[in-house]
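For reference, the structure discussed in these notes is given below.
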Protein chains: 2
Amino acid sequence: MTEEAPPGGDEVDAITESVLTASRLLVGVSAKSVAAVAGPITLPQFRLLVALGSRGPLKLVSLAELLGVNPSTATRTVDRLVTAGWAERNSNPQSRREITVGLTPQGRELVDRVTDYRRREIASIVQRMPAERREGLVAALQAFSEAGAEPPPRTSPYDAALTQWD
Amino acid sequence: MTEEAPPGGDEVDAITESVLTASRLLVGVSAKSVAAVAGPITLPQFRLLVALGSRGPLKLVSLAELLGVNPSTATRTVDRLVTAGWAERNSNPQSRREITVGLTPQGRELVDRVTDYRRREIASIVQRMPAERREGLVAALQAFSEAGAEPPPRTSPYDAALTQWD
DNA sequence: GGGCAAGATTTGCATAATGCAACCGTGGTT
DNA sequence: AACCACGGTTGCATTATGCAAATCTTGCCC
């Protein structure tokens, strides 16, 4: 089933290949940005910070759900981030059974630095592209994403900071 | 800031956004494929299998390097895969200090099943795209990847199976 | 008001992933 | 033979994860 010649197959293969190659490039850029700017933090931890940065303070369950991990994992990752001074737990006066997790100023600054770095990297790549290809890129990718039944297109700058499983 | 007009910055933002959105979609597809087809295997383990599938048997250090992990991590992940019957260690008659790691038939079959599933998912997305956008996608993405100074463009089908850090 | 079901978080337990450093063979050099 | 670089493994410590059980809060019914 991976063979047939009719109009469809080869083109699909070509697209798959090109999208994945580009995706790989991008993920590499993200990883590099984290490593370059944010010394002693792990990727899962940073991903959590990014989520908080883009959505604002969240209760633990929502956070876990957003990241696609078990609440217990979220709890413990938050523990570490709190210890490191990047996140904080705040009790919710409304219902004392839930807590909200948010960024500390240091946490936000960390996320910002990484995001800026990453944006510059990407910009430098885009600027090396032939200009006439750029519009095509945006249009085609949007069509692709729409066809893939995208979730809500959040347009926060943080959103872009780490692709992994978001 | 997502509006357009001036030549430089906004366009870069738009591209960044669209590429990342698409990338996110794709990574989701990959994860879903692994989960759907390959029950009890972790992502790092599967990633290792994919590497073996695309490059053939490798010595341990090369494998670790390819995956970007420490040799000790590779050793132990291979241990688990061997136990599970998906990979095998073979001693190299040439030099007894190196070993090569390869897929077992079961391992290859697992990778194939996931890859096929994933390809079908992507194909179904691409087929929902307006046809006239498709060529633009390939051309633009290739330009993007080239501008990003891609590593060797391996064109194996396995290559596409998991994007994460590859 | 007491009791109970449902919801939110945390803890206990077990396993995987990771990196670093130390260690053991192997192969080549001098 | 003496050394040294290379490949792989093991010991140690920390993080990441999921599942299940325990804890605390809320809301609701009788």
Taking only side-chain N and O atoms of [X], does any of them lie within less than 4.0 angstrom of OP1 or OP2 on [N]?
| X | N | answer |
| --- | --- | --- |
| A/Thr42 | D/dT14 | no |
| A/Lys59 | C/dT9 | no |
| A/Gln45 | D/dT15 | no |
| B/Thr75 | D/dG8 | no |
| B/Arg47 | C/dA17 | no |

Q: Quick one: closest heavy-atom pair of B/Leu63 and B/Ala51, and the distance?
A: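 Looking at all heavy atoms of both residues, the closest pair is CD1-CB, 4.1 Å.
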Q) Where do B/Leu67 and B/Arg47 come nearest, in terms of heavy atoms and distance? A)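 The pair with the smallest heavy-atom distance is O-NH2, 3.0 Å.
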For [Y], is there any backbone N or O sitting under 3.5 Å from a side-chain donor or acceptor partner on [X]?
| X | Y | value |
| --- | --- | --- |
| A/Ser124 | A/Glu121 | yes |
| A/Arg128 | B/Ala147 | yes |
| B/Arg89 | B/Val82 | no |

Q) Where the side chain of B/Val69 is concerned, which of D/dT9, C/dA8, C/dG19 is the nearest nucleotide? A)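 My answer, after comparing the listed nucleotides, is C/dG19.
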**Q.** Among C/dA17, D/dG8, D/dT17, the one nearest A/Pro44 by side-chain distance
**A.**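 Nucleotide nearest to A/Pro44's side chain: D/dT17.
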Taking atom [atom2] of [N] as reference, at what distance in whole Å does atom [atom1] of [X] sit?
| X | N | atom1 | atom2 | value |
| --- | --- | --- | --- | --- |
| A/Leu67 | D/dT15 | CG | P | 18 Å |
| B/Leu60 | C/dG19 | CG | P | 13 Å |
| B/Arg80 | D/dT9 | CZ | P | 13 Å |
| B/Asp79 | C/dT18 | CG | P | 14 Å |
| A/Glu98 | C/dT9 | CD | P | 6 Å |
| A/Glu65 | C/dT9 | CD | P | 11 Å |
| B/Leu49 | C/dA17 | CG | P | 11 Å |
| B/Ile41 | C/dA17 | CD1 | C1' | 14 Å |

Partners of [X] by side chain to side chain donor-acceptor pair (under 3.5 Å), sequence neighbours excluded?
| X | answer |
| --- | --- |
| B/Arg113 | B/Glu109 |
| A/Thr104 | A/Gln106 |
| A/Glu88 | none |

Q | Straight-line distance of B/Met129 CE to B/Ile125 CD1, nearest 0.5 Å | A |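 Spacing of CE (B/Met129) from CD1 (B/Ile125) equals 10.0 Å.
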(Q) Would you compute the distance between atom CG of B/Asp112 and atom CG of B/Leu49 and round it to the nearest 0.5 angstrom? (A)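 That separation rounds to 11.0 Å.
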(Q) Return a single string for nucleotides 19-27 of chain D, one symbol per nucleotide in 5' to 3' order, where B is base contact, S is sugar-phosphate-only contact and - is none, cutoff 4.0 angstrom on heavy atoms. (A) B-----BS-
Q: Test side-chain contact (heavy atoms from CB on, under 4.5 Å) on A/Val34 and A/Tyr117 and set out the steps.
A: CA-CA 9 Å; A/Val34 176; A/Tyr117 185 98; over 6 Å; no
Q: For the helix from C/dG1-D/dC30 to C/dT30-D/dA1, measure the angle between the helix axis at one end and the axis at the other, each built from five pairs, rounding to 10°.
A: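 Angle reported: 10°, given to the nearest ten degrees.
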Q. Quick one: are B/Arg55 and B/Leu66 in side-chain contact, heavy atoms under 4.5 Å?
A.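 B/Arg55 reaches B/Leu66 side chain to side chain.
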**Q.** Nucleic acid contacts - residues 82-91 of chain B versus DNA chain D, non-hydrogen atoms under 4.0 Å
**A.**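 The stretch gives B/Arg89 as the residues lying under 4.0 Å from the strand, ordered by number.
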